[in-house]
Amino acid sequence: MSTLENFPINTRWTAEDPTVIQLYSFPTPNGVKASIALEEMGLPYEAHRVTLSDSDVKSDEFLSLNPNNKIPALIDPNGPDGAPIALWESGAILIYLGEKTGKFIGRTDAEKYQIIKWVMFQMGGLGPMLGQLGFFVKFAGSEIEDPRPRERYVAEAKRLLNVLEGELAGKEWIAGDYSIADMAIAPWLAALDFYGAKEIVGWDDLKNVPAYLERFLARPAVQKGRATPPREG
């Protein structure tokens with residue numbers, strides 16, 4: 001019997017090969033972190049398209065895996081000690097995959113914690129703030145007449161981008177060699193284009209950050225991961 005048969009999500013998003021990692025995701029900035037990492041690390045996996053609609057992320061099957069109803073989530077049938085493990089939260093997934101493979105997470109403990117520090121910078125700051133910026137620039141928040149919410153997130157987005165601009169001076173990647181920190185940060189930078197928010201945050205005034213994003217987007221594994229699973233079913 002497949003170990004995945006013990007997971008209710010498998011009744012709706014059924015594994016073709018239950019021996020490999022099962023990814024449940026959609027190509028958002030958070031979603032592509034996981035697929036990029038899987039591609040970069042060369043891990044075999046299946047990607048299941050879980051849209052952001054309530055019928056998917058709030059379905060009983062998906063909630064059985066992630067009660068927080070957010071993508072990405074995954075099941076690794078070959079988890080720690082050979083037992084399957086279910087994970088959600090994109091930062092936790094990146095750290096898990098890095099430690100599982102020993103790739104893109106530093107060669108020493110000191111390097112690892114510097115990398116994790118920048119993953120947390122993205123999880124606690126860059127992602128939430130740029131996400132709110134997108135809400136107030138592109139989505140429903142753009143209809144709110146009070147300018148203060150938008151101004152708040154524009155200012156914070158600029159501040160965080162300038163943190164990255166300074167840190168990237170004379171560097172190719174954010175924490176030494178290319179790492180899971182870059183897989184966390186760069187997809188959110190790319191989202192500024194989708195939000196139509198580059199001009200408002202002064203993107204063209206930056207030098208190091210745009211060059212950093214260009215290097216990231218040029219990677220073949222990134223290009224494949226950003227399109228996995230496909231947006232359209």
For the CZ atom on Arg148, are there more than 12 heavy atoms of other groups (residues, nucleotides or ligands in this structure) within a distance under 6.0 Å? no
Tell me whether Leu63 shares a hydrophobic cluster with Leu4, the cluster being built from Ile, Leu, Val, Met, Phe, Trp, Tyr side chains joined at under 4.5 Å. no
Whether Ser35 side chain and Gly225 backbone form a donor-acceptor pair below 3.5 Å: yes
pair Phe121-Val163: side-chain heavy atoms closer than 4.5 Å: yes
Residue pair Met123, Lys33: steps toward the side chain to side chain contact (heavy atoms under 4.5 Å, CB included) verdict: CA-CA 11 Å; Met123 294 293 295; Lys33 294 180 205 172; 3.4 Å; yes
Is it true that atom NZ of Lys224 has more than 12 heavy atoms of other residues, nucleotides or ligands lying nearer than 6.0 Å? no
Drop me the distance from Leu65's CG to Ile9's CD1, to the nearest 0.5 angstrom. 4.5 Å
If you look only at pairs with a residue in residues 54-85, which of them pass as a ring-ring contact (aromatic ring centres under 6.0 Å, His included), with sequence neighbours excluded? none
So CD1 of Ile116 and CD1 of Ile180: to nearest 0.5 Å the spacing works out to 6.0 Å
Can you find a pair of side-chain heavy atoms, one from Thr108 and one from Lys112, that are under 4.5 Å apart? no
Taking the side chain as every heavy atom from C-beta outward, state whether Leu189 and Leu126 have any atom pair closer than 4.5 Å. yes
Taking side chain as C-beta onward, heavy atoms only, is Ile85 less than 4.5 Å from Ile75? no
Value rounded to 0.5 Å, distance of CD in Glu165 from CG in Leu206: 4.5 Å
Residues forming a salt bridge (charged side-chain N to carboxylate O under 4.0 Å, His left out) with Arg107, sequence neighbours excluded: Glu111, Asp177
Could you go through Val57 and Lys70, starting from their C-alpha distance and side-chain angles, then the distance that decides it, and tell me whether this counts as side chain to side chain contact (heavy atoms under 4.5 Å, CB included)? CA-CA 6 Å; Val57 293; Lys70 303 292 182 184; over 6 Å; no
What residues, two or more places apart in sequence or in another chain, satisfy side-chain contact (heavy atoms from CB on, under 4.5 Å) together with Pro84? Thr3, Phe7
Are Arg219 and Glu40 close enough, and set up right, to give a side chain to side chain contact (heavy atoms under 4.5 Å, CB included), and what steps lead you there? CA-CA 9 Å; Arg219 297 179 68 89; Glu40 292 280 16; 2.8 Å; yes
Do Leu23 and His48 have side chains that approach each other closer than 4.5 Å (heavy atoms only, starting at C-beta)? no
Geometric cation-pi criterion, Arg226 with Phe216: 6.0 Å, 45°: no
Determine whether Val32 and Leu97 fall in the same hydrophobic cluster, where Ile, Leu, Val, Met, Phe, Trp and Tyr are linked whenever their side-chain heavy atoms lie under 4.5 Å apart. yes
Could you pull out all residues at least two apart from Arg215 that satisfy side-chain contact (heavy atoms from CB on, under 4.5 Å)? Glu172, Trp173, Ala211, Tyr212
What residues, two or more places apart in sequence or in another chain, satisfy side chain to side chain donor-acceptor pair (under 3.5 Å) together with Asp56? Arg12, Thr51
Between Ile95 and Met120, is there a side-chain heavy-atom distance shorter than 4.5 Å? yes
Given Leu161 and Leu192, is the side chain to side chain contact (heavy atoms under 4.5 Å, CB included) satisfied, shown in steps? CA-CA 11 Å; Leu161 289 172; Leu192 288 170; 4.2 Å; yes
Val20-Leu38 co-clustered via ILVMFWY side chain contacts under 4.5 Å: no
Going by the salt bridge (charged side-chain N to carboxylate O under 4.0 Å, His left out) test, which pairs reach into residues 73-96, not counting sequence neighbours? Asp76-Lys100
Could you pull out all residues at least two apart from Gln223 that satisfy side chain to side chain donor-acceptor pair (under 3.5 Å)? none
Rounding to 0.5 Å, atoms CG (Asn208) and CG (Leu213) come to a distance of 13.0 Å
Residue pairs meeting salt bridge (charged side-chain N to carboxylate O under 4.0 Å, His left out), one or both in residues 185-209, sequence neighbours left out, come to none
Say whether, by atom type as modelled, one donor and one acceptor occur between the side chain of Arg49 and the main chain of Arg231 under 3.5 angstrom. yes
Donor-acceptor pair between Trp188 and Asn30 side chains, under 3.5 angstrom: yes
Does Phe26 reach the side chain of Thr28, with side-chain heavy atoms less than 4.5 Å apart? yes
With hydrophobic residues grouped by side-chain heavy-atom distances under 4.5 Å, do Tyr24 and Tyr96 end up in a single group? no
To the nearest 0.5 Å, how far apart are CG in Leu87 and OG in Ser90? 11.5 Å
Between Leu94 and Phe104, is any pair of side-chain heavy atoms under 4.5 Å apart? no
Applying ring-ring contact (aromatic ring centres under 6.0 Å, His included) to Phe136 and not counting sequence neighbours gives Tyr153
Phe135: what forms a ring-ring contact (aromatic ring centres under 6.0 Å, His included) with it, not counting sequence neighbours? none
Mind checking what makes side chain to side chain donor-acceptor pair (under 3.5 Å) contact with Lys117, not counting sequence neighbours? Gln114
Which residues pass the side chain to side chain donor-acceptor pair (under 3.5 Å) test with Arg159, not counting sequence neighbours? Glu156
